[in-house]
Amino acid sequence: MVKFIESEITSLKKELNEMWSMVYNQMAKASDAVFTMNKDLAQQVIGREKRVNAYELHIDSDVEDIIALYNPVAIDLRFVLAVLKINTNLERLGDFAEGIARFVLRTDNNSVNTELFEELRLYEMVERVLLMLEISKKAFNEENIDDAMSLISKDNLVDEINAQASTILTQYIANHIDETKMCLDLVGVFRKLERSGDHITNIGEEIVFYIEAKVLKHHDKHDETDD
């Protein structure tokens with residue numbers, strides 16, 4: 001029985017890593033589509049979202065099978081429960097990537113306003129979100145508590161940039177009335193990136209739970225509905 005469950009857990013870990021890579025690629029491509037206003041690339045991200053959803057259902061089904069067939073306990077049980085929650089968070093990240101890609105399709109702009117993006121620190125925000133995704137995956141595979149815990153502090157920069165975006169965009173609209181719709185849609189991009197940081201932090205908490213059986217709570221975060 002032990003050998004069988006070890007084999008199933010190894011397989012499940014591989015599947016989750018594939019999901020992680022898929023979501024990372026979706027987020028990276030969606031961001032590139034925004035930075036280049038590449039509608040073809042944005043459409044690719046949207047088209048591949050169904051694969052992310054299908055993979056989430058597949059992993060959920062495998063978790064249910066392991067629990068039903070092997071009745072895992074202790075660290076094995078924490079592992080499969082953590083996988084279940086991490087999988088859900090990754091699927092939400094896939095949704096955010098799709099939403100970011102849709103910004104490109106909604107806007108009439110075909111050129112990139114590099115100066116505005118730099119003032120908004122959009123490049124920096126995307127870089128931080130992708131870095132957090134990489135660190136979370138590494139923390140999971142290496143069972144590294146320090147890396148998992150570091151996600152909480154790294155998310156602070158994402159929150160900071162998001163908090164400043166609305167003010168900067170309001171000032172920009174005052175001088176560029178014809179770009180009002182684009183700016184309002186861009187607020188949604190920032191919101192999705194900020195929520196992505198929150199979900200990656202949630203993943204870090206699940207990693208800590210899996211490894212050390214500790215439940216972390218964010219007392220400085222308010223419960224919010226995902227956009």
Side-chain angles (χ1 to χ4, degrees), residues 1-31 44-98 101 128-155 195-218 226:
M1 178 67 77
V2 173
K3 288 184 179 180
F4 284 120
I5 194 171
E6 285 180 356
S7 176
E8 292 296 329
I9 286 176
T10 298
S11 177
L12 188 61
K13 190 171 186 178
K14 179 181 178 183
E15 290 172 357
L16 191 65
N17 270 283
E18 290 170 356
M19 177 74 161
W20 232 305
S21 296
M22 196 183 307
V23 169
Y24 181 94
N25 288 335
Q26 285 285 91
M27 187 63 72
K29 287 182 179 179
S31 301
Q44 286 179 27
V45 173
I46 294 167
R48 289 172 182 168
E49 171 60 12
K50 291 181 179 178
R51 292 175 58 190
V52 176
N53 293 337
Y55 220 80
E56 182 211 12
L57 294 175
H58 175 72
I59 291 175
D60 281 356
S61 177
D62 285 349
V63 168
E64 291 169 4
D65 288 345
I66 290 174
I67 292 174
L69 294 173
Y70 301 104
N71 193 26
V73 296
I75 192 169
D76 288 339
L77 178 60
R78 295 201 306 273
F79 174 83
V80 294
L81 292 177
V83 167
L84 193 64
K85 293 182 180 181
I86 291 171
N87 188 41
T88 298
N89 280 286
L90 289 173
E91 189 276 333
R92 290 298 293 133
L93 288 165
D95 289 343
F96 294 141
E98 180 190 17
R128 176 55 60 95
V129 169
L130 292 175
L131 175 63
M132 289 174 67
L133 254 178
E134 288 179 340
I135 291 173
S136 66
K137 184 179 180 182
K138 176 175 175 285
F140 176 76
N141 287 314
E142 298 181 1
E143 299 184 357
N144 190 315
I145 291 291
D146 291 338
D147 279 348
M149 292 292 292
S150 76
L151 295 171
I152 298 172
S153 60
K154 284 181 170 54
D155 187 42
R195 292 301 290 141
S196 294
D198 290 343
H199 279 269
I200 298 170
T201 301
N202 290 345
I203 290 173
E205 293 177 355
E206 293 306 323
I207 293 169
V208 173
F209 165 74
Y210 148 53
I211 299 170
E212 292 198 341
K214 290 182 180 178
V215 177
L216 302 181
K217 297 290 184 182
H218 280 184
D226 291 337

Point to revise | Check: Asn71 side chain, Ile67 main-chain N or O, donor-acceptor pair, under 3.5 Å | key: no
**Study point:** Taking every non-hydrogen atom, the tightest pair across Ala82 and Glu206
**Key:** CB-O, 3.7 Å
Review point. Which value, rounded to the nearest 0.5 Å, describes the distance between Leu84 atom CG and Glu64 atom CD?
Key: 7.5 Å
**Study point:** Any side-chain heavy-atom pair of Phe209 and Lys214 under 4.5 Å
**Key:** no
Exercise for review: Decide yes or no for Asp198 and Asp155: does some side-chain heavy atom of the first lie under 4.5 Å from some side-chain heavy atom of the second?
Suggested key: yes
Review point. Taking C-beta and beyond as the side chain, do Tyr70 and Asp65 meet within less than 4.5 Å on heavy atoms?
Key: no
Study note, to complete from the structure: For Lys14, the side chain to side chain contact (heavy atoms under 4.5 Å, CB included) test, sequence neighbours excluded, returns Glu18
Practice item. Determine, stepwise, if the pair Asn17 / Asn141 fulfils side-chain contact (heavy atoms from CB on, under 4.5 Å). Key: CA-CA 8 Å; Asn17 270 283; Asn141 287 314; 2.7 Å; yes
Review point. Under 3.5 Å, side chain of Asp76 to main-chain N/O of Pro72, donor-acceptor pair present?
Key: no
Review point. What are the two closest non-hydrogen atoms of Val23 and Gly94, and how far apart are they?
Key: CG1-N, 4.1 Å
Practice item. Could you verify whether a donor N or O on one side chain and an acceptor N or O on the other, from Thr201 and Lys154, lie under 3.5 Å apart? Key: no
Review point. With side chains defined as the heavy atoms from C-beta onward, is the minimum distance between Glu91 and Tyr55 less than 4.5 Å?
Key: no
Study note, to complete from the structure: Shortest non-hydrogen pair, Glu49 vs Gln26, comes out as N-NE2, 3.8 Å
Point to revise | Ser150 and Met132: CA distance, side-chain angles, deciding distance, side-chain contact (heavy atoms from CB on, under 4.5 Å) verdict | key: CA-CA 9 Å; Ser150 76; Met132 289 174 67; over 6 Å; no
Exercise for review: Rounded to the nearest 0.5 Å, what's the gap from CD1 on Ile203 to CG on Leu93? Could you check?
Suggested key: 5.5 Å
Practice item. List the steps and the verdict of side-chain contact (heavy atoms from CB on, under 4.5 Å) for Lys13 and Thr10. Key: CA-CA 5 Å; Lys13 190 171 186 178; Thr10 298; 5.7 Å; no
Review point. ring-ring contact (aromatic ring centres under 6.0 Å, His included) with Tyr24: which residues, sequence neighbours excluded?
Key: none
Review point. Are side-chain heavy atoms of Glu56 and Val52 found at a separation under 4.5 Å?
Key: no
Revision key, fill the gap. dist Leu90:CG -> Leu133:CG (nearest 0.5 Å) comes out at 7.0 Å
Exercise for review: Could you check if a side-chain atom of Asp95 sits within less than 4.5 angstrom of a side-chain atom of Asn53, using non-hydrogen atoms only?
Suggested key: yes
Check your understanding: Hey, is NZ on Lys50 packed in by over 12 heavy atoms from elsewhere, all under 6.0 Å?
Key -> no
Check your understanding: For Glu143 and Tyr210, does a side-chain donor sit closer than 3.5 Å to a side-chain acceptor?
Key -> yes
Practice item. Decide yes or no on side-chain contact (heavy atoms from CB on, under 4.5 Å) for Asn202 and Glu205, but give the supporting numbers first. Key: CA-CA 5 Å; Asn202 290 345; Glu205 293 177 355; 4.1 Å; yes
Review point. Side chains of Ser61 and Leu57: does their closest heavy-atom pair fall under 4.5 Å?
Key: no
Study note, to complete from the structure: Between Ser136 and Ile207 the two heavy atoms that sit nearest each other are O-CD1, 3.3 Å
Review point. Between Val45 and Ala30, what is the shortest heavy-atom contact and its length?
Key: CG2-N, 3.7 Å
Review point. At what distance, to the nearest 0.5 angstrom, does CZ of Arg48 lie from CG of Asn25?
Key: 8.5 Å
Study note, to complete from the structure: Rounded to the nearest 0.5 angstrom, the CG-NE2 distance for Leu151 and His199 is 14.0 Å
**Study point:** Arg92 to Phe96, cation-pi by 6.0 Å centre distance and 45° axis angle
**Key:** yes
Study note, to complete from the structure: Taking every heavy atom of Glu15 against every heavy atom of Ile59, the minimum-distance pair comes out as O-CD1, 3.8 Å
**Study point:** Inter-residue atom distance Glu142.CD - Ile211.CD1, 0.5 Å rounding
**Key:** 10.0 Å
Point to revise | Phe140 and Val83, any side-chain heavy atoms less than 4.5 Å apart | key: yes
